[in-house]
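Quick notes on the structure that follows.
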2 protein chains.
Amino acid sequence: MTLKELSDLLGLSPTTVSRALNGYPEVSEATRKKVAAAARAHGYAPNTRARALATGRAMAIGHVIPISAKHEMVNPIFADFTAGAGEVYSRNGYDMLMSVVSDDDEEQAYRSFATKRNVDGLIIHAPSLNDQRIPFLNDLGLPYVVHGRSSNATAPYAWVDVNNTRAFQRATELLLDLGHRRIALLNGLEHMDFAARRRAGYEAALAARGVTPDPSLMFSGEMTEAQGHDLTRTLLARPDRPTAILVSSMIMAIGVRRGIEELGLTLGRDVSLITYDDDLSYFRNGSDIPVYTATRSSVREAGRRAAQMLIDIINGKDSPTELLLEAELTLGMSTGPARRD
Amino acid sequence: MTLKELSDLLGLSPTTVSRALNGYPEVSEATRKKVAAAARAHGYAPNTRARALATGRAMAIGHVIPISAKHEMVNPIFADFTAGAGEVYSRNGYDMLMSVVSDDDEEQAYRSFATKRNVDGLIIHAPSLNDQRIPFLNDLGLPYVVHGRSSNATAPYAWVDVNNTRAFQRATELLLDLGHRRIALLNGLEHMDFAARRRAGYEAALAARGVTPDPSLMFSGEMTEAQGHDLTRTLLARPDRPTAILVSSMIMAIGVRRGIEELGLTLGRDVSLITYDDDLSYFRNGSDIPVYTATRSSVREAGRRAAQMLIDIINGKDSPTELLLEAELTLGMSTGPARRD
DNA sequence: CGAACTTCCCAAAGCGCTTTGAATGCCTCA
DNA sequence: TGAGGCATTCAAAGCGCTTTGGGAAGTTCG
C-alpha cells in the first residue's frame, strides 16, 4: 500500500493525504479523520526510505560496536546500554542502526555512516584518553554523543558519563576507613578514559591518607572473569598480599571471588572487595543484601540519557550537552574490617 | 557529494557513473578506472536512502530485541549473537537495524518493519514452543530466520538451532556415569522452546537408566545469577539434596557456585555441576582447564550462520534453510564422582 | 561499400514520499 | 457588488539513485 494507492482510494490527492497523516493544519478535521481511518484500515505506513529521501532525515541513529580485534571481545555492558537507548529511540520514532566493526576499521565505519547518509546521528562508545574520533567527527558534521569522556580532547563535544573518579575515590576511602592499607586495583585497559579516571580516584584517596600507591598492586587489562581470577591468585600468593581489592567490573569481580574461594578464604572477612557495578540486567548484584559492596550506576539509564541528548541535538534544542552521573556506593557483603595478620 | 555532482565533475552522465561503480559491463575499463578513482578521491558513497528507494532493497536486516517486561531483562547472549551476525552483514554490505521493544508490542514491531519497508529480512530470537510470530511472519512475506526452533509450528520456516536435547542428554548421561542419581535441573522459562528441549533431553537420559525424573528437582525461571544462587541454597538445604546440578546458563551457574561455596562445600567434589555455555566473549569458561564442565556451543557462530542463511534467502539462493549445530561437551573442574552420603 | 553488430554512453522515467506554489470556492465587509 | 481573506485542496517539482530504451560511434564481414 503506497500513498498514491491510498489517496486514489479516498479520492484525494497524495498531497492532502500526506498532510492529513503528518498533522499539518491545512486539512479539514473531517478529511483528516477519514484519512486516518483509511490508513489504519489498510495498514498503511509511509515507506521509510522514500520519506527519508524526501525529508533529508534518516530517522535513525548509528551505533558502532567495536570488537576488540585481539580478544574478539564484545563489551558486555553494550547490551544494556543499547536497551536503554533503544527505548528512547522507539519512543521518538527513531531506528537504531548497528554496525559491528573490528576496532581497526572503526573510523571507516563512521565515515561510511556520514557519506551514505543513513543516520542522523551517532553514539560513540568507550572513548580513550585521547580519542581521535572526536576531532574526526567534529569535522564530519554528523551530530554525536559520547558515552564517556576523553580527557585530552581539546574541542568541545557532547557526552554522558559517570563520575568515575569520585566513585573510585569513595570506594577507596571506605576501604581505608575499614583499616585496609594494602589495596589492589584491578582496572580496565588504561588507554580507556574511564580506567584512567578510576585510577586517579583511587590514587587520590590513598594520597589523602598518606598511603603511597604501590604500582605492584595495580593492574589493567581486559575485564574478564578469567583475568580477575588469575590476578587474584597471583596477588594472594604474595607474602605481602593485599587485604582488599578494588575491581572495575562485576564480571571481573566474579573471577576474583572464585580466586579467593579456591584458596579457602572468605570474601568480606579475609579479603575485602569493592567492584564497579553497571547494574546489568542479567547480573543484578543480589536481591536483598547486595553480594558485593559496589559503586553502582545503571548503564541502561546512561543509554537513555545519551539517546535523549542526541535526539535533542538533532532537533536543534539547546539543552545541556554534558551530563555527569554520580554512582552510588552500596554496601554489600564483600567488605569488612582489615584483619591483623 | 552526490552522483550528479560527481558525474558533472567527470563530464559523464550519472547513468555511466552509476554503472561504472556498480560493476555493470556496459562501461569501458578506462572509464571505470577514472570513475572509481574520482569516487575515492572525493569520498563519494551512494546515498543509501536514494539507492534503497530506487532498487526496492533496503540493504538492512531487522532484529527485534524483546525486553522481558516483568524483569526488565535483556538477554545476555544477545550481544554475542549480534556480533556474529554483524560480521556477516558488513561483509555483505548490509546494515543491522535494531528495535528494542517490550515483549508485549513485539508483533507491532514486526508489522512496522514490514509496512515501513526499511529492512529486507528479519532475525527472530527466543522462540517459544508455539510461537505466534511464525505464522504471522509467513503471512507478512518478509524473509526471516529463527534463532532456535518452535516445536509446535506447523508451517515450515528457516532456522538455526543448537541440538539442545542431545546436549542435555549427554550432560545427564555423564552425571549418571559418575554415579549421580539425584540430579537437579535449573532451566530457563519453560514456554521457551530451548528450555523444553533441554528438559526432554534430561528426562530421556534419566529414563534410559531407569531413574524416575523427580519434579521437585526441576526448576524453570529467568536465568540470573541470583536465581541460580537462591535455588541452590534451597536445594542443598534439603535432607535428600541432589549430588549434581544441571544448569541452563553460565550466568546461572555462577550463582550456583556461590551458593555451594557459601555452605562450605566444594564444587566438583561435594556437588557436581554441568552448565550450558554459550561461549560468551566476556565470559569464557576458563583458559586452560575449563572451570565448569559444560555443553558448549558458540552463540556468536550461530549468529554468523543465521545471518548468512538469511542473506542467502533474500538473494534467492536455494541453500538449506535448517541448520542444527551440535554442542560439544567439555570436561572441566566442576564434575566428579557422586559421594556416598 | 553498406548492412549488421558491438561498444560505450546518455536522456529520461520512476522509486514513494514531502513540500512549494497555485487554484478553487466561499465568506466577509466596505 | 466586488475586492480581499480564509479554508481546502491539488499539480508538479524534487530528494539521489537505478534502469530502461535508445543512439552514436566504431567494427566486422559478405
Side-chain angles (χ1 to χ4, degrees), chain A residues 1-36 38-39 42-60 93-95 112-120 315, chain B residues 1-36 38-39 42-60 93-95 112-120 315:
Chain A
M1 166 83 25
T2 72
L3 182 66
K4 182 83 181 39
E5 287 165 16
L6 186 64
S7 61
D8 285 353
L9 220 76
L10 284 159
L12 287 167
S13 75
T15 308
T16 304
V17 176
S18 167
R19 284 186 161 148
L21 291 173
N22 290 315
Y24 283 73
E26 312 91 325
V27 136
S28 74
E29 262 326 298
T31 309
R32 190 188 305 283
K33 287 244 170 63
K34 253 193 324 213
V35 171
H42 295 83
Y44 169 79
N47 179 316
T48 315
R49 312 189 297 245
R51 166 182 270 180
L53 184 57
T55 58
R57 304 188 50 176
M59 293 309 283
Y94 281 83
D95 289 322
S112 136
F113 271 140
T115 59
K116 286 159 60 186
R117 301 258 130 218
N118 53 358
V119 299
D120 298 320
N315 292 330
Chain B
M1 167 80 29
T2 72
L3 182 65
K4 182 82 180 38
E5 287 165 16
L6 186 64
S7 61
D8 286 352
L9 219 77
L10 284 159
L12 288 167
S13 75
T15 308
T16 305
V17 176
S18 168
R19 285 187 161 148
L21 292 173
N22 291 316
Y24 283 73
E26 310 90 328
V27 136
S28 73
E29 262 327 297
T31 309
R32 192 190 302 285
K33 286 245 171 60
K34 254 196 320 213
V35 171
H42 296 83
Y44 169 79
N47 179 317
T48 316
R49 311 190 299 245
R51 163 182 274 184
L53 184 57
T55 57
R57 304 188 51 177
M59 294 309 283
Y94 281 83
D95 289 322
S112 136
F113 271 140
T115 60
K116 286 158 62 187
R117 303 254 130 223
N118 53 358
V119 300
D120 298 320
N315 293 330

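The figures here come from the full heavy-atom set of this structure, side chains too, leaving out hydrogens, waters and symmetry mates. Reminder, nothing fancy here: chain letters follow the sequence lines and each chain counts from 1.
Between D:dT9 and A:Ser13, no contact under 4.0 Å exists linking OP1 or OP2 to a side-chain N or O. For the pair A:Asn47 and C:dC15, the criterion of a side-chain N or O lying under 4.0 Å from OP1 or OP2 is not met. Between C:dC10 and B:Thr16, a contact under 4.0 Å exists linking OP1 or OP2 to a side-chain N or O. Contact between the side-chain N/O atoms of A:Thr2 and the OP1/OP2 oxygens of C:dG16 is not found at any separation under 4.0 Å. The side chain of B:Tyr24 places no N or O atom within less than 4.0 Å of a non-bridging phosphate oxygen (OP1 or OP2) of D:dT20.
When rounded to the nearest whole Å, the span between CZ of A:Arg19 and P of C:dT19 equals 9 Å. A straight line from CZ of A:Arg57 to P of D:dG16 spans 16 Å, rounded to a whole angstrom. In this entry the distance linking NZ of B:Lys116 with C1' of C:dG16 reads 15 Å, nearest Å. Following rounding to the nearest Å, B:Lys4 (NZ) and C:dA12 (P) show an atom-to-atom distance of 12 Å. Computed from coordinates, the A:Asp8 CG to D:dA11 C1' distance equals 14 Å when rounded to whole Å. Atom CZ of B:Arg117 and atom P of C:dG16 are 10 Å apart (whole Å). Straight-line distance from the CZ atom of A:Arg49 to the P atom of C:dG14: 19 Å, rounded to whole Å. Residue B:Tyr44 contributes atom OH, which lies 6 Å from atom P of D:dT18 at whole-angstrom precision.
Closest to the side chain of B:Leu53, from the set C:dC15, D:dT19, C:dC17, is C:dC15. Which of C:dC10, C:dC8, D:dT18 sits closest to the side chain of B:Leu12 comes down to C:dC10. Closest approach to the A:Leu3 side chain among D:dC17, C:dT18, C:dC9 is made by C:dT18 (side chain taken as heavy atoms from C-beta onward). Closest to the side chain of A:Ala54, out of D:dG21, D:dG16, C:dT18, is C:dT18. Of the listed nucleotides (D:dC17, C:dC9, C:dT18), C:dC9 has the atom at the smallest distance from the side chain of B:Glu26. Proximity note for B:Thr31 (side chain, C-beta onward) versus C:dC8, C:dT18, D:dT9: the nearest is C:dC8.
The shortest non-hydrogen separation linking A:Ala58 to A:Asp120 is N-OD1, 2.8 Å. B:Ala60 approaches B:Asn118 most closely through the heavy-atom pair CB-O, 3.7 Å. Minimum heavy-atom separation, B:Tyr94 to B:Asn315: OH-OD1, 3.9 Å. The minimum heavy-atom distance linking A:Ala20 with A:Arg32 is given by the pair O-NH1, 2.9 Å. Shortest non-hydrogen contact noted between A:Met1 and A:Glu5 is CA-OE1, 3.2 Å.
Checking B:Asn22 against A:Glu29, the closest nucleotide of DNA chain D that is more toward the 5' end is the one next to A:Glu29.
Put simply, the side chain of B:Thr15 and the base of D:dT19 share a donor and an acceptor less than 3.5 Å apart.
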ask   = Can A:Val35 and A:Leu21 be said to form a side chain to side chain contact (heavy atoms under 4.5 Å, CB included), step by step?
value = CA-CA 7 Å; A:Val35 171; A:Leu21 291 173; 3.8 Å; yes
